Protein chains: 2
Amino acid sequence: MSEKIAAIDPQPTTGINQSCLQCSLSNLCIPIAVNKDEIDRLEDLIKQGKTINRGDHIFKEHSPFKSLFAVRSGAIKTYSVTEDGEEQVTGFYLPGEIIGLDSTNTDSYSCSAKALERASVCEIPFSQLETLASKIPTLQHHFFSLMSKEIQGSRQLTMLLSKNTAEERIASLLLSLSSRFKLRKLSGTSFRLPMPRNDIGNYLGLAVETVSRVFTRFQKSGLISVQGREVVLEDIDALVDIVKNHSKCINPK
Amino acid sequence: MSEKIAAIDPQPTTGINQSCLQCSLSNLCIPIAVNKDEIDRLEDLIKQGKTINRGDHIFKEHSPFKSLFAVRSGAIKTYSVTEDGEEQVTGFYLPGEIIGLDSTNTDSYSCSAKALERASVCEIPFSQLETLASKIPTLQHHFFSLMSKEIQGSRQLTMLLSKNTAEERIASLLLSLSSRFKLRKLSGTSFRLPMPRNDIGNYLGLAVETVSRVFTRFQKSGLISVQGREVVLEDIDALVDIVKNHSKCINPK
DNA sequence: CGCGCAGTTGAAAGTTTTCAAATGCAGTGG
DNA sequence: CCACTGCATTTGAAAACTTTCAACTGCGCG
């Protein structure tokens, strides 16, 4: 899905934007045009509006895999526990994004999903979705698409971690959040981080202290303003440059 | 697919193992049991045995996405070029593994695929595959599965890069290759690395020199023997320990 | 036989982590 | 309404790991 952190472009929704599903976010998570009957079947399938409190789990790693979940509001983090018992954050999910796609090949969830703040989600039972998908080609296509995007997102994160400095990683995360907020018609320059520094560091492969130092540095350089979780991106272009100008472009000829 | 480097377990093939496809590797890449008619349709679909020379491309990033490819022999690397013009290796693919799953949501390939050594691949036109998948539920399920596995693999790589030292990353890669060779009934303890140190470093987010030093260190400790690309894993348990004992387990109570 | 690329090795430089400690902020109970 | 406790965040300084730069060795191919 969309912790495609390294991608600056606002990940345009793939499909057609004419869905008639009731949920106002469906154009983000299931933007397919289908006929009345199919819509009904989809709506029957999806259980809308389950509410989750901050810190509560939507599902836990190793528990039986049954459903995907679409985030309606709030923010979710996914994580798994490594062999040596450490938590590893694998993604942050915002409204319109879908959780669980990495577990469709196993009987159990390959990670846990926990609410970073009060949230609500739609449940999509997977086996029924598969059945429906084989009857509605565009739906099948859409889910191949979503999974493919999830792979690409993960690849980009991998690249970010493998080659980029702390500043580049954090600039990337900020830009990713920014563009994802914009997709929801929210401000892309001023928002509240749904997650603590700790999770940011964990996700980006950095020590908390490093995250904090980079925020401070960015603030001192006038790139952003931070007040706890509140962030204002003061100079997006500069942030983009940080991500792009990996090597400082001092190469003429 | 399978650069699920951090996973020590030999990633069991998900499906049923009764495929009657002619290709001897089909139990690795498309292990589904289908009826005669469906097999015929699958075989019509798949163009077998395209040969690629070392250094040749199977497809290039940004070129139109049409097909997935299953590796029959040889080894393939996938990579993409970052904004600053650097190459980033995103995966190594061995026989029985499938390339291109990360591109199914776009019109063009999201990475390039190049042969590390003389190789042969089967081409699987994607749009036809989708059509067939909507008629054969197990096939649809299998491809959801493959993609999900690809996501998990990428996640594991991400974790490896985000939290592990150079030694842990390389031990992981060696174990991953080992288990994947074993899947093909080859030796899991003695094999030839299909890729140069350079690509290993690139893939694992390490400088070539670091890769070299770690190999040397491992050899001095008696964990492995290396002679250029030839590797013998002398003490697999110790390698596993290196990957697992991230934190050295000196924590009683 | 020599060129050139792949791999190895050493030493210095740079980032990030780790350890320690201080500060801020929030919810709880008095 | 304030003090208190606990967690999140920030900061400083030293330690650790990896990279970078340089130089050398080895091997394959023309």
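Per chain, numbering begins at 1; letters A, B, ... match sequence-line order. As the structure is a prediction and not an experimental result, all values here were calculated from the model.
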Participant: Sort out for me which residue in A:Asp102, A:Thr90, A:Asn105 forms a side chain to side chain donor-acceptor pair (under 3.5 Å) with B:Gln152.
Facilitator: A:Asn105
Participant: Can you tell me the distance, in whole Å, between the CG atom of B:Leu204 and the C1' atom of D:dT19?
Facilitator: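 Value for this atom pair: 15 Å.
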Participant: Could I get the full list of salt bridge (charged side-chain N to carboxylate O under 4.0 Å, His left out) partners for B:Arg192, not counting sequence neighbours?
Facilitator: B:Glu230
Participant: Do nucleotides 4-12 of chain D as a string where each nucleotide becomes B, S or -: B if the base has a protein heavy atom under 4.0 Å, S if just the sugar-phosphate does, - if no protein is that close.
Facilitator: -----SBBB
Participant: Do B:Glu61 and B:Ser110 meet the criterion of a side-chain donor-acceptor pair at a distance under 3.5 Å?
Facilitator: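 Short answer, no.
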Participant: In whole Å, what is the span from the CG atom of A:Asn164 to the P atom of D:dT19?
Facilitator: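 Those two atoms, CG and P, are 13 Å apart.
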Participant: Tell me: NZ of A:Lys163 to P of C:dT16, nearest whole Å?
Facilitator: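 About 16 Å, once rounded to whole Å.
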Participant: Rounding to an integer number of Å, can you tell me how far B:Arg192 CZ sits from C:dA6 P?
Facilitator: 13 Å
Participant: Rounded to whole angstrom units, what separation is found between the CD atom of B:Glu117 and the C1' atom of D:dG28?
Facilitator: 17 Å
Participant: Do A:Tyr93 and A:Phe69 have ring centres separated by under 6.0 Å?
Facilitator: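 Between A:Tyr93 and A:Phe69, the centre distance exceeds or equals 6.0 Å.
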Participant: For the residue pair B:Asn164 and B:Arg169, confirm or rule out a side-chain donor-acceptor distance under 3.5 Å.
Facilitator: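 Absent: no donor and acceptor within the cut-off.
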Participant: For B:Glu230 and C:dG7, give me the distance from atom CD to atom P, rounded to whole Å.
Facilitator: 13 Å
Participant: May I ask you to say what B:Gly205 touches in the nucleic acid, namely base, sugar-phosphate or nothing, with a heavy-atom cut-off under 4.0 Å?
Facilitator: sugar-phosphate
Participant: Tell me whether A:Arg229 at atom CZ has more than 12 heavy atoms from other residues, nucleotides or ligands lying less than 6.0 Å away.
Facilitator: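 Result for CZ/A:Arg229: enclosed.
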